[in-house]
Amino acid sequence: ADLPCEPHSWRQMAEYSPEMRQFACILYLYHNKAYDYLQKNFPLPQPYSLTNWLSNNEAAAGFSNNIFLCLQEKVKRGEQAYRFCALMVQDVSLQKQQEWDPQTQRLTGFVDLGAGVLDADEAPLASEAIILMAVGITSRWRAPLGYFFVNSATGQLLAQLLRQTINKLNNIGVTVLAVTSGATACGAETARALGIRIDPERIQCTFQHPPGSAHSITYCFDTCHALHLIRNALQCLQKIEWLGDPVRWEHMVQLAALQDKKVLEPHTPKPGGPGSEESYHLKVNLAAPLFSEGVADALEHLQKLGIASFHNCSGTVKFVRLMSRLCDVFHGGGPYERGLKGPLLAANCIKISHLFSEAKSCFVTITDSIGRYIIKSKRKLGFLSFLLNAESLKWLYANYTGLAGAPSHHLLTSAFSLGPLELFLEALGQACGSSGNPTCTAFQAAYRKLLASCSLVPGSLQSSGSGSTSCLGISLSHRRDLTLGSVRAQYSPAGGRALATEYPYRAAFLLRGSALSNALTDLSLHARSIACTAGFVAEQLASDLRCETCLASLFESDESRMRCRSVLYIKKLGGVSLPSASVRLLTSISEQVLNQYGKGGDGNKNSKLWRLSLEQKIFQELLGQSFLFPTLTNHLFDGELCVNNHYTILVKEITQRYLNIR
């Protein structure tokens with residue numbers, strides 16, 4: 001009843017009622033073929049003109065005009081880093097709930113695509129929010145472009161929204177080179193709707209936009225999602241064959257389940273002195289990524305030690321090492337990284353091409369235990385995702401980076417994963433303030449809060465974290481569900497939290513002094529309590545860390561016996577792992593400050609203000625100390641260059657946890 005039936009009523013777009021705008025937008029986004037058919041009889045607007053109706057100046061559903069204006073200003077000023085971008089899309093689950101908004105005097109919780117809320121008794125409630133983000137491919141800027149409340153995210157809907165987004169970016173002078181989605185059923189449907197062909201024998205990695213034009217855009221699947229699928233395939237099949245070598249899931253399970261194993265190593269005697277043996281413990285680094293060079297080295301090392309569980313694991317090692325190198329390329333590191341982790345350059349292009357050829361040869365030949373090709377089975381999407389990404393990366397290099405006069409001679413491959421968008425979603429979840437799915441109202445309020453503080457400066461959209469270890473889990477290698485710890489938790493739910501609480505009471509006996517080396521020989525109460533408490537802090541923090549390198553820096557480890565960080569050679573004292581010198585120094589200074597300033601105050605020693613004053617004095621003491629965590633020097637260049645990095649968060653976490661114990 002709200003829509004006129006006469007064709008002449010549809011000729012002037014300026015005279016469209018809100019209901020007519022909603023009808024045109026929804027029909028085009030959900031059923032573009034029906035829109036084309038109806039357009040033959042009714043003078044409906046051209047699809048590209050619908051973008052304005054899907055946009056808003058506030059943080060309401062739809063495209064965020066303010067962000068597009070900021071991008072346009074940067075392009076007009078000639079900032080080359082903003083002329084080209086990658087586009088990513090992801091959906092977030094919402095709590096279906098109808099709420100009353102006292103400010104707008106309207107009901108909320110319905111589907112809203114930017115042209116207005118579908119407020120009616122029979123209108124569907126929104127169950128998902130689709131979020132779009134643009135990221136730089138030569139510089140790490142990121143821009144949340146908008147969100148849409150939908151009842152069900154389909155591949156056709158996402159494809160139409162992506163085309164509208166590309167149109168709007170083109171209009172302000174920003175060229176989209178790539179689109180990234182999750183390696184999910186909806187993501188695969190989106191790719192096919194855009195014209196992507198995911199066939200190992202005939203992969204089509206680009207689509208034209210506008211359709212039929214000369215401009216092509218590549219399509220990628222998120223690396224982490226693809227790794228999840230490959231992990232699931234290996235776990236479900238238990239064993240796959242690669243040119244006669246078995247790749248066994250059991251090897252990963254045994255490595256994750258390996259408890260601290262005591263080993264005796266020959267000790268080099270002093271001249272004229274007798275030989276001896278040193279006792280070490282093999283400690284599994286549960287933050288180690290499943291598909292990493294460190295895990296491959298660890299499996300090889302344990303095989304050389306003659307441990308029966310790792311006999312004949314060469315096939316698993318070879319497969320893990322291949323996946324690790326692929327992850328280095330696709331996820332990438334910072335702009336200062338070198339080798340496969342660095343930006344895509346002419347210098348590493350040949351090496352990467354050879355790696356892609358090796359990966360394709362592997363993926364098209366691996367079979368299950370009865371000889372069926374995995375690439376043709378129901379577990380194929382993860383492998384196909386890597387093949388599609390490889391073709392997309394090669395196409396981008398050939399058409400944009402490797403040409404004379406190209407707009408840029410390097411690409412940040414991390415721009416083609418969902419990492420930047422997931423980082424934004426993590427901050428969005430913190431702003432929502434609840435552990436479950438947010439309602440439309442809560443989501444909108446959190447989005448408005450983030451958008452108000454949004455800057456297009458590279459690295460500005462980071463999760464606040466405020467000292468939380470969540471800040472240590474941004475990159476691929478730190479995803480909990482792709483680590484050895486996730487495997488141990490699956491097969492031994494209590495294994496990841498086996499640390500008891502019998503050590504904190506020893507903190508009451510702490511005294512100052514003594515070097516770390518003396519703790520190995522001095523069995524006095526003082527030396528043991530210092531070592532045990534610092535070791536307890538290290539083990540407690542290790543159970544929460546998601547960064548393999550940072551976790552390894554917490555313990556005194558003998559790296560001469562094994563250079564990888566997936567299995568550490570550590571020493572123990574009183575059942576507790578000996579901490580590294582940096583952890584010991586931090587706890588010692590914390591104790592000194594606590595002894596000096598902990599006796600005064602207003603009597604309320606549980607107040608937040610008193611705790612903050614102690615932390616401030618501890619950090620002041622640290623300013624004059626020698627460099628902490630020397631093994632993390634190169635690691636800091638893996639990610640964003642910012643003050644709140646892994647190094648500073650480690651210092652804060654160790655200090656705060658020590659004060660908690662005391």
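Note that the structure is a prediction, hence the values are computed from the model and not measured.
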Asker: Can you name the closest pair of heavy atoms from Leu29 and Gln160 and give their distance?
Answerer: O-CG, 3.4 Å
Asker: Are the side chain of Ser392 and the backbone N or O of Tyr219 linked by a donor-acceptor pair below 3.5 Å?
Answerer: yes
Asker: Is there side-chain contact between Ile196 and Cys205, with heavy atoms separated by less than 4.5 Å?
Answerer: no
Asker: So which heavy atom on Leu381 is nearest to which on Ala183, and how close?
Answerer: CD2-O, 3.8 Å
Asker: On a heavy-atom basis, which atom in Trp141 and which in Ala81 lie closest, and how many Å separate them?
Answerer: NE1-O, 2.9 Å
Asker: When rounded to the nearest 0.5 angstrom, what distance separates CD1 in Ile131 from CG in Leu425?
Answerer: 4.5 Å
Asker: Hey, are the side chains of Pro420 and Arg142 touching, using non-hydrogen atoms and a 4.5 Å cut-off?
Answerer: yes
Asker: Given Tyr28, which of Tyr37, Trp53, Tyr35 fulfils the ring-ring contact (aromatic ring centres under 6.0 Å, His included) condition?
Answerer: Tyr35
Asker: Can Arg83 and Gln80 be counted as having a side-chain donor-acceptor contact under 3.5 angstrom?
Answerer: yes
Asker: Does atom CZ of Arg202 have more than 12 heavy-atom neighbours, drawn from other residues, nucleotides or ligands, at distances under 6.0 Å?
Answerer: no
Asker: Below 4.5 Å, heavy atoms only, C-beta onward: do Tyr373 and Val364 meet side chain to side chain?
Answerer: no
Asker: Report yes if the side chains of Phe383 and Ile366 come closer than 4.5 Å at any heavy-atom pair, otherwise no.
Answerer: yes
Asker: Could I get the full list of side-chain contact (heavy atoms from CB on, under 4.5 Å) partners for Thr206, not counting sequence neighbours?
Answerer: Gln204, Gln208, Ser216, Thr218, Trp395
Asker: Answer whether the closest heavy-atom distance between the side chains of Leu234 and Arg231 falls below 4.5 Å.
Answerer: no
Asker: What is the minimum heavy-atom distance between Asn65 and Ser55, and which atoms define it?
Answerer: OD1-CB, 3.3 Å
Asker: Would you confirm whether Tyr147, through its side chain, and Ala61, through its main-chain N or O, come within 3.5 Å as a donor-acceptor pair?
Answerer: yes
Asker: The test is side-chain contact (heavy atoms from CB on, under 4.5 Å); show your working for Ile137 and Tyr400 and say whether it passes.
Answerer: CA-CA 11 Å; Ile137 61 172; Tyr400 283 94; over 6 Å; no
Asker: Taking the side chain as C-beta and beyond, is there a heavy-atom pair between Ile217 and Leu194 under 4.5 Å?
Answerer: no
Asker: Any side-chain donor-acceptor pair under 3.5 Å between Ser139 and Tyr82?
Answerer: no
Asker: Examine distances only and state if a side-chain atom of Asn66 and a backbone atom of Asn57 form a donor-acceptor pair shorter than 3.5 Å.
Answerer: yes
Asker: Check this for me: Arg106, atom CZ, are more than 12 non-hydrogen atoms of other residues, nucleotides or ligands nearer than 6.0 Å?
Answerer: no
Asker: Stepwise, does the side-chain contact (heavy atoms from CB on, under 4.5 Å) test hold for Leu113 with Phe149?
Answerer: CA-CA 6 Å; Leu113 298 175; Phe149 289 145; over 6 Å; no
Asker: Among Cys327, Pro289, Cys224, find the residue that satisfies the side chain to side chain contact (heavy atoms under 4.5 Å, CB included) test when tested with Leu482.
Answerer: Cys224
Asker: CE of Met323 to CG of Leu326: how many Å apart, nearest 0.5 Å?
Answerer: 5.5 Å
Asker: How many angstroms lie between atom CE of Met133 and atom OG1 of Thr180, to the nearest 0.5 angstrom?
Answerer: 12.5 Å
Asker: Please confirm whether the backbone N or O of Leu418 pairs with a side-chain atom of Asp222, one donor and one acceptor, at under 3.5 Å?
Answerer: yes
Asker: Quick one: CG on Leu169 to CZ on Phe68, what's the gap to the nearest 0.5 Å?
Answerer: 5.0 Å
Asker: Taking the six-membered ring for Trp, are Phe330 and Phe356 parallel (under 30°), tilted (30 to 60°) or perpendicular (over 60°)?
Answerer: parallel
Asker: Spell out, as yes or no, whether a donor-acceptor pair under 3.5 Å connects the side chain of Gln444 to the backbone of Ala60.
Answerer: no
Asker: So does Lys394 pair up with Glu391, basic N to acidic O under 4.0 Å?
Answerer: yes
Asker: Rounded to the nearest 0.5 Å, what separation is found between the CD1 atom of Ile375 and the CD atom of Glu201?
Answerer: 10.0 Å
Asker: Just by distance, do the side chain of Ser361 and the backbone of Ser357 share a donor-acceptor pair under 3.5 Å?
Answerer: no
Asker: So which atom in Pro47 and which in Gln164 form the shortest heavy-atom distance, rounded to 0.1 Å?
Answerer: O-NE2, 3.2 Å
Asker: Do Gln97 and Leu125 have side chains that get closer than 4.5 Å, going by heavy atoms?
Answerer: no
Asker: Donor-acceptor check, side chain of Thr439 to backbone of Gln95, threshold 3.5 angstrom: yes or no?
Answerer: no
Asker: Taking the side chain as everything from C-beta on, heavy atoms only, tell me whether Leu94 gets closer than 4.5 Å to Asn437.
Answerer: no
Asker: One pair to check against side-chain contact (heavy atoms from CB on, under 4.5 Å): Val150 and Asp91. What are the steps and the verdict?
Answerer: CA-CA 10 Å; Val150 301; Asp91 55 280; over 6 Å; no
Asker: Measuring from Leu384:CG to Lys376:NZ, what's the distance to the nearest 0.5 Å?
Answerer: 11.5 Å
Asker: Under 3.5 Å, is there a donor-acceptor pair linking the side chains of Thr108 and Thr441?
Answerer: yes
Asker: For atom CZ of Arg197, decide whether the heavy atoms of other residues, nucleotides or ligands shown that lie under 6.0 angstrom number more than 12.
Answerer: yes
Asker: Going through the checks in order, is the side-chain contact (heavy atoms from CB on, under 4.5 Å) test met by Leu132 and Phe148?
Answerer: CA-CA 9 Å; Leu132 292 149; Phe148 303 85; 3.5 Å; yes
Asker: Measuring centre to centre across the rings, with the benzene-like ring taken for any Trp, is Phe221 within less than 6.0 Å of Phe386?
Answerer: no
Asker: Can you name the closest pair of heavy atoms from Ser64 and Leu451 and give their distance?
Answerer: OG-CD2, 3.9 Å
